[in-house]
Amino acid sequence: MSVMTYVFGDALSGRIIAEIPLYGVSVVEKFGGGELRGTFQYDMTNRNNDVLDAATIPGRCFVVAERDTIPIFAGYVQTRTYQSQAKSAQLFARGFASYPERRLVRADINYVNTDQMTIFRDLWVLMQADPDSIRVDIFSAFLTGINVDLTLQATEFKTYGQIFEQIADGDTGFDWRIDTTKAEGVYIHSLRVGYPTLGSTDPTRITFEYPGNILNYWKNETMSDAGTYVFTAGAGEGSGMLIASVGHFDLLNNGFPRFDVAISRKDITSLSLLNALGRQEGAKHKAPLPTFTLEVKADRDPVFGSYTLGDACQITIKDPKHPEGFQKNARLVGWDYRPPSSDGTEEARLMFEGDDTIG
């Protein structure tokens with residue numbers, strides 16, 4: 001059985017304060033930031049309540065969850081809720097990738113025909129120039145060959161998170177995440193980027209089968225947010241509003257009715273960024289693109305931790321819904337991990353981005 005540990009410390013200095021056992025834990029990881037939920041007990045044997053309090057101050061403290069000594073989550077404590085009768089505290093933490101959502105851009109920004117990665121890296125450097133910033137190691141500069149314009153006034157009070165989303169989320173964008181490692185008792189948080197993507201591109205390296213290593217799965221096919229025309233609205237009003245439109249004529253030409261989807265992105269003032277994002281939204285909302293969620297045992301091959309966000313995987317299914325067999329390549333874009341407990345085994349729910357069916 002895997003061993004979980006939860007280490008808490010000071011978010012600015014990185015100083016470790018305490019290792020605290022948690023129960024009722026769930027750990028979610030995805031691009032753009034994950035989250036951790038768990039509960040600890042006061043009046044534990046050989047534990048000082050003052051230390052428990054000092055190690056879990058919201059905003060002030062970090063938490064790292066380790067599975068068999070390997071960090072699988074790192075972030076800052078956002079909420080702590082004390083329950084008097086149970087003498088317990090429920091914690092909610094957000095991954096460090098969410099931190100830019102809590103920082104406002106307080107300088108005027110003006111980039112013209114500049115590589116998107118240069119802008120992304122410059123803004124991380126600018127955000128961390130404030131000495132009171134939670135810091136991560138920033139990657140060495142490189143170019144993607146995709147140039148964009150970006151103009152921003154400090155008076156707009158946009159967050160760094162909003163700007164990072166604008167730059168990275170279009171179909172000409174890139175993946176990014178913050179990885180945490182441990183060396184000589186010190187945690188190192190590193191900003192990683194991949195253009196165009198992070199993760200393995202070989203789907204045959206990681207295979208999930210039903211029946212087999214998949215315990216249960218959900219295949220979601222819905223029209224609630226799907227359509228044959230997808231319109232993404234940017235900044236402006238009336239005839240001056242920026243619009244990016246995508247039509248799925250392969251569906252329309254084969255008898256699929258017209259369904260329209262409207263996406264609002266009023267924060268985007270660049271037409272080139274909006275068009276890139278619009279193409280990405282068009283693919284994401286194409287009717288009725290199925291998405292898969294797999295429930296797997298974390299200790300069954302491929303074991304949890306042998307794959308990471310962005311990895312290409314192969315899903316193979318044969319059951320009453322797919323009597324002839326079904327095979328699909330898809331990218332892993334998120335997971336919800338439940339550690340082992342006294343009344344259950346460790347399990348993970350894996351979330352996948354839609355991709356081309358191959359069988």
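Just the heavy atoms: all of them, side chains too, but no hydrogens, waters or symmetry mates, feed the values below.
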Taking the six-membered ring for Trp and the single ring otherwise, decide whether the centroids of Tyr160 and Trp124 are under 6.0 Å apart.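 That pair fails the under 6.0 Å test.
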
Is the distance between the ring centroids of Tyr82 and Tyr42 under 6.0 Å?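 Aromatic pair counts; centres sit under 6.0 Å.
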
More than 12 heavy atoms of other residues, nucleotides or ligands under 6.0 Å from NZ of Lys30: yes or no?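 Counting neighbours around NZ of Lys30, 12 or fewer heavy atoms of other residues, nucleotides or ligands fall under 6.0 Å, so no.
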
Would the number of heavy atoms belonging to other residues, nucleotides or ligands and lying under 6.0 Å from CZ of Arg205 be above 12?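 Correct, the count exceeds 12.
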
Does anything in residues 76-90 form a salt bridge (charged side-chain N to carboxylate O under 4.0 Å, His left out)? List the pairs, not counting sequence neighbours.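 Those involving residues 76-90 are Asp43-Lys87, Asp53-Arg80.
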
Between [atom1] on residue [X] and [atom2] on residue [Y], distance to nearest 0.5 Å:
X	Y	atom1	atom2	answer
Asn275	Ser245	CG	OG	8.5 Å
Glu347	Thr345	CD	OG1	4.5 Å
Ile268	Leu277	CD1	CG	4.5 Å
Cys313	Phe352	SG	CZ	4.5 Å
Gln162	Glu156	CD	CD	9.5 Å
Leu274	Ile243	CG	CD1	7.5 Å

Are [X] and [Y] ion-paired here, with the side-chain N under 4.0 Å from a carboxylate O?
X	Y	value
Asp175	Arg177	no
Arg265	Glu165	yes
Asp130	Arg106	no
Asp10	Arg60	yes
Glu324	Lys318	no
Asp336	Arg349	no
Arg67	Asp299	no
Arg37	Glu35	yes

Val63 vs Phe73 side-chain heavy atoms within contact, under 4.5 Å: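 The answer is yes, as the side chains (C-beta and beyond) meet within the 4.5 Å cut-off.
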
Whether Lys219 engages the ring of Phe326 as a cation-pi pair (distance to the six-membered ring centre under 6.0 angstrom, angle to the ring normal within 45°) should be assessed.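 Flagged: Lys219 positioned over aromatic ring of Phe326.
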
Kindly say whether [Y] contributes a backbone atom to a donor-acceptor pair with the side chain of [X] at under 3.5 angstrom?
X	Y	result
His285	Gly227	no
Asn253	Phe249	yes
Asn329	Gln314	no
Arg15	Gly9	no
Arg121	Phe139	yes
Gln128	Val136	yes

[X]-[Y] co-clustered via ILVMFWY side chain contacts under 4.5 Å:
X	Y	answer
Phe157	Met127	no
Phe164	Phe31	no
Phe304	Leu36	yes
Met351	Val296	no
Val112	Leu152	no

Could you walk me through whether Leu332 and Thr308 pass side-chain contact (heavy atoms from CB on, under 4.5 Å), step by step? CA-CA 7 Å; Leu332 179 65; Thr308 189; over 6 Å; no

Give the intermediate values and the outcome of side chain to side chain donor-acceptor pair (under 3.5 Å) for residues Arg103 and Ser133. CA-CA 9 Å; Arg103 292 290 307 280; Ser133 297; 2.7 Å; yes

Thr114 and Asn147: side chain to side chain donor-acceptor pair (under 3.5 Å), yes or no, with the steps? CA-CA 5 Å; Thr114 305; Asn147 289 4; over 6 Å; no

Residue pair Asn110, Thr151: steps toward the side chain to side chain donor-acceptor pair (under 3.5 Å) verdict: CA-CA 4 Å; Asn110 185 29; Thr151 301; 3.2 Å; yes

Kindly indicate, with the supporting measurements, whether the criterion salt bridge (Lys or Arg N to Asp or Glu O under 4.0 Å) is fulfilled by Lys284 and Asp169. CA-CA 12 Å; Lys284 186 189 306 181; Asp169 282 4; over 6 Å; no

Classify the angle between the aromatic ring planes of Phe96 and Tyr76 as parallel (below 30°), tilted (30 to 60°) or perpendicular (above 60°).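 Phe96 and Tyr76: tilted rings.
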
In terms of the angle between their ring planes, are Phe120 and Phe174 parallel, tilted or perpendicular, with boundaries placed at 30° and 60°?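 The rings of Phe120 and Phe174 stand perpendicular, inter-plane angle above 60°.
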
Go through the steps to decide whether Glu346 and Arg300 satisfy the test salt bridge (Lys or Arg N to Asp or Glu O under 4.0 Å), and finish with yes or no. CA-CA 10 Å; Glu346 58 173 344; Arg300 184 180 295 181; over 6 Å; no

Per-pair distances, 0.1 Å, donor-acceptor, side chain in residues 228-238, under 3.5 Å, sequence neighbours excluded:
{"from": "Thr228", "atom 1": "OG1", "to": "Phe259", "atom 2": "N", "distance (Å)": "2.9"}
{"from": "Thr228", "atom 1": "OG1", "to": "Phe259", "atom 2": "O", "distance (Å)": "3.3"}

For Asp319 and Tyr217, run side-chain contact (heavy atoms from CB on, under 4.5 Å): C-alpha distance rounded to whole Å, both residues' side-chain angles, the deciding distance at 0.1 Å, then the answer. CA-CA 11 Å; Asp319 62 2; Tyr217 77 89; 2.5 Å; yes

Test Gln85 against Gln83 for side-chain contact (heavy atoms from CB on, under 4.5 Å), laying out the working first. CA-CA 6 Å; Gln85 290 187 347; Gln83 212 266 55; 3.6 Å; yes

Starting from the C-alpha separation in whole Å, work towards a yes-or-no answer on side chain to side chain donor-acceptor pair (under 3.5 Å) for Tyr210 and Asn216. CA-CA 8 Å; Tyr210 185 86; Asn216 194 9; 5.5 Å; no

Does Lys328 form a salt bridge (Lys or Arg N to Asp or Glu O under 4.0 Å) with Glu209? I'd like the steps, not just the answer. CA-CA 11 Å; Lys328 182 182 182 67; Glu209 296 180 302; over 6 Å; no

